[in-house]
A.B. asks: 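Can you read through this structure? Questions will come right after.
Lettering follows sequence order; numbering is per chain, from 1.
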Protein chains: 2
Amino acid sequence: MVRCEDQGLKDDCFVRQYRQTTEWSVLSKDELRRIDEVAVCRIHKVGTDVFREGEPCRGIYYVRNGLVGVRKSDPEGNSVILWRLAFPGNTLGLRPLLAEESHRGGAEVLETSTICFVSVSVIRDVLKNSPALEHRFLQSAARALGDAEEAYFESVTQSVRTRLAHVLSIFKDHSGRTADDGSLVLDLPLTWRNISALIGVRPESMSRVIRKLDDEGWAHFSGRTVYVRDFDGLVGEIGPDRVV
Amino acid sequence: MVRCEDQGLKDDCFVRQYRQTTEWSVLSKDELRRIDEVAVCRIHKVGTDVFREGEPCRGIYYVRNGLVGVRKSDPEGNSVILWRLAFPGNTLGLRPLLAEESHRGGAEVLETSTICFVSVSVIRDVLKNSPALEHRFLQSAARALGDAEEAYFESVTQSVRTRLAHVLSIFKDHSGRTADDGSLVLDLPLTWRNISALIGVRPESMSRVIRKLDDEGWAHFSGRTVYVRDFDGLVGEIGPDRVV
DNA sequence: TCGGCGCATTAACCTAGGTTAACGCCTCTC
DNA sequence: GAGAGGCGTTAACCTAGGTTAATGCGCCGA
């Protein structure tokens with residue numbers, strides 16, 4: 001609802017990627033600036049929808065800061081899972097745009113987020129003039145496909161315990177810090193409810209697992225803060241790395 | 001092991017796609033012919049590997065006829081699932097090629113198959129000269145990604161029963177025929193063991209499910225032949241279509 | 001200030017599917 | 001013709017996780 005300019009924020013989401021190594025970095029500074037010019041950045045409040053499942057794809061959403069989750073629900077609306085998280089720097093809506101499909105999941109703001117929107121027509125135009133960008137997208141789509149296979153495999157193969165360890169390792173890379181005594185402290189940016197949905201289980205089962213993990217001394221859970229004694233031990237004992 | 005020419009088969013896998021609507025159809029007849037010229041077609045026997053998990057990707061494999069399955073196993077080698085099937089007309093190895101990764105799954109010949117191999121360098125060369133082909137691949141990769149999400153969702157959400165119904169509907173489209181009395185007859189091209197692996201459960205559980213389905217009168221199972229009384233009823237009752 | 005709502009937790013209970021083991025059957029090989 | 005090995009099935013048993021229900025807590029809005 002709130003435009004970024006109102007907050008004195010400069011809309012330079014894409015130009016800033018010039019220095020980094022995202023897919024967009026293959027574009028020239030000028031091309032990126034041109035995207036920024038037409039991008040519309042807004043601040044979205046927690047709990048609101050960025051887009052809904054089944055809705056036609058109108059463009060892409062660059063998450064500048066905050067946190068957004070992509071949900072999927074069955075036709076009856078029940079059994080919602082959290083398919084993926086979009087952290088700052090991530091882009092939403094690119095898949096349906098490239099596939100020329102509707103959104104297969106709905107995006108919900110999990111933490112107040114600044115999100116920049118760029119319409120389909122702009123992106124298509126950019127792509128038409130930049131085979132290099134298309135090439136990069138193809139490569140990362142192919143990799144994402146491999147990751148999705150891996151996720152499927154994991155869901156069939158691994159226990160909730162193991163999958164939780166996997167999720168924690170994502171947050172470790174992302175928002176983990178080391179305490180004075182050398183142990184790892186995680187301030188989870190998600191409710192346990194959402195973490196359950198991310199793993200695809202009920203909150204009650206999640207609760208059960210974290211209590212057991214706590215009892216066994218692997219980690220201490222207090223609210224959304226997790227104190228991990230020995231992270232490598234946890235991941236190693238509970239489920240070996242599936243970094244392939 | 002056996003070259004196609006030895007059998008008097010003409011190597012025209014790719015040229016033939018000119019008339020059809022696959023991704024390759026965007027190429028000119030000449031370009032397709034040029035691929036055929038360097039393609040190596042061989043007949044692979046049941047049980048042999050086309051490529052193995054973790055192996056670097058040397059090129060793509062066009063399945064001309066027969067049936068190939070892509071397996072995934074965990075580091076210890078156990079708990080093998082069947083991730084996808086390659087029917088005649090399908091191509092294997094394109095994902096790792098585009099992602100510039102190694103094979104994340106191993107391909108095993110399930111029915112004696114004629115498979116045409118084209119090396120990485122040829123494909124890369126073709127792609128470099130055809131943005132149109134790259135565009136088509138990007139689109140289908142994006143769609144495949146959506147399908148993989150769906151598969152994940154289904155594995156988390158749906159029962160074995162439902163997932164079996166889903167698999168049967170694949171074979172219905174593929175190798176189903178209608179009996180004189182109007183009922184549907186499927187001659188499954190896979191062992192039940194492999195169908196279990198496709199769904200991600202043990203053969204024993206599979207057995208349990210088909211017996212129940214038989215008892216309840218939905219279908220009759222005899223060896224690898226399935227007689228389905230009322231297919232739409234089965235799919236409708238057991239799990240609504242997830243055609244989104 | 002109070003009521004209500006959504007998160008989190010616990011406990012009791014239930015069930016789908018994994019595990020183990022045994023058996024029949026087929027095919028291939030020696 | 002005998003053995004071996006793979007498939008398919010059944011049965012008995014076990015466990016992870018879903019289901020239901022109850023309780024406490026914190027937050028928000030009236």
A.B. asks: Which part of the nucleic acid, if any, lies within reach of B/Arg211 when heavy atoms closer than 4.0 Å are counted: base, sugar-phosphate only, or nothing?
C.D. replies: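 B/Arg211: backbone/sugar contact only, no base atoms under 4.0 Å.
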A.B. asks: Starting at the 5' end of DNA chain C and moving along, which residue's nearest nucleotide shows up first, A/Arg224 or A/Arg208?
C.D. replies: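 It is A/Arg224 whose nearest nucleotide is closer to the 5' end.
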A.B. asks: Rounded off to whole Å, could you give me the CD1-to-P distance for the B/Ile195 and D/dC7 pair?
C.D. replies: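 For the pair B/Ile195 CD1 and D/dC7 P, the rounded distance is 13 Å.
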A.B. asks: Specify the separation, in whole Å, of atom NZ of A/Lys212 and atom C1' of D/dG17.
C.D. replies: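 Taking NZ of A/Lys212 and C1' of D/dG17, I get 11 Å after rounding.
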A.B. asks: Using salt bridge (Lys or Arg N to Asp or Glu O under 4.0 Å) as the criterion, point out the one residue from A/Arg71, A/Lys45, A/Lys72 that pairs with A/Glu108.
C.D. replies: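 Checked A/Arg71, A/Lys45, A/Lys72 against A/Glu108; only one passes salt bridge (Lys or Arg N to Asp or Glu O under 4.0 Å): A/Arg71.
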A.B. asks: Give the intermediate values and the outcome of ring pair (Phe, Tyr, Trp, His ring centres under 6.0 Å) for residues A/Tyr61 and A/Phe117.
C.D. replies: CA-CA 5 Å; A/Tyr61 302 83; A/Phe117 171 81; 5.1 Å; yes
A.B. asks: When you check the side-chain N and O atoms of A/Thr225 and A/Ser222, is any donor under 3.5 Å from an acceptor?
C.D. replies: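 No, no side-chain donor-acceptor pair sits under 3.5 Å.
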A.B. asks: For A/Glu204 and D/dG18, give me the distance from atom CD to atom C1', rounded to whole Å.
C.D. replies: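 So the two atoms are 8 Å apart, to the nearest Å.
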A.B. asks: Taking B/Thr114's backbone N and O only, do any of them form a donor-acceptor pair with B/Arg64's side chain (distance below 3.5 Å, no angle check)?
C.D. replies: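 Side chain of B/Arg64 to backbone of B/Thr114: no pair is present.
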A.B. asks: Could you state the atom-to-atom distance from CD1 of B/Ile199 to P of C/dA16 in whole Å?
C.D. replies: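 For the pair B/Ile199 CD1 and C/dA16 P, the rounded distance is 16 Å.
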A.B. asks: Hey, is the side chain of B/Ser205 poking within less than 4.0 Å of OP1 or OP2 on C/dG18, counting only N and O atoms?
C.D. replies: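 Looking at the OP1 and OP2 atoms of C/dG18, one of them is under 4.0 Å from a side-chain N or O of B/Ser205.
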A.B. asks: Give the rounded distance in Å between these two atoms: CH2 of B/Trp192 and C1' of D/dT9.
C.D. replies: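 So the CH2-C1' distance, B/Trp192 to D/dT9, works out to 13 Å.
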A.B. asks: Expressed in angstrom and rounded to an integer, what is the separation of A/Arg193 atom CZ from D/dG26 atom C1'?
C.D. replies: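 Going from CZ in A/Arg193 over to C1' in D/dG26 covers 15 Å.
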A.B. asks: Is a donor from one side chain sitting under 3.5 angstrom from an acceptor on the other, for B/Ser102 and B/Glu55?
C.D. replies: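 The answer is no; no qualifying pair exists.
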A.B. asks: Please tell me which of B/Val201 and A/Gly223 maps to the more 5' nucleotide of DNA chain C, matching each residue to the nucleotide holding its nearest heavy atom.
C.D. replies: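 This one resolves to A/Gly223.
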A.B. asks: When the distance from CZ of A/Arg161 to P of D/dA16 is rounded to whole Å, what number comes out?
C.D. replies: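 To the nearest whole Å, that distance equals 9 Å.
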A.B. asks: Does B/Arg202 have a side-chain nitrogen or oxygen under 4.0 Å from the phosphate oxygens OP1 or OP2 of C/dT19?
C.D. replies: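 For C/dT19, OP1 or OP2 has a side-chain N or O of B/Arg202 closer than 4.0 Å.
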A.B. asks: To the nearest Å, give me how far apart CE (B/Met206) and C1' (D/dG8) are.
C.D. replies: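 Distance check: B/Met206 CE to D/dG8 C1' gives 12 Å.
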A.B. asks: Heavy atoms only, 4.0 Å cut-off, all strands: where does B/Val160 land among base, sugar-phosphate and nothing?
C.D. replies: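 Counting heavy atoms under 4.0 Å across all strands, the contact made by B/Val160 is with sugar-phosphate only.
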A.B. asks: Once you apply a heavy-atom cut-off of 4.0 Å, does B/Ser207 come out as touching a base, just sugar-phosphate, or nothing?
C.D. replies: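 Base: the residue B/Ser207, judged by heavy atoms under 4.0 Å, touches a nucleobase.
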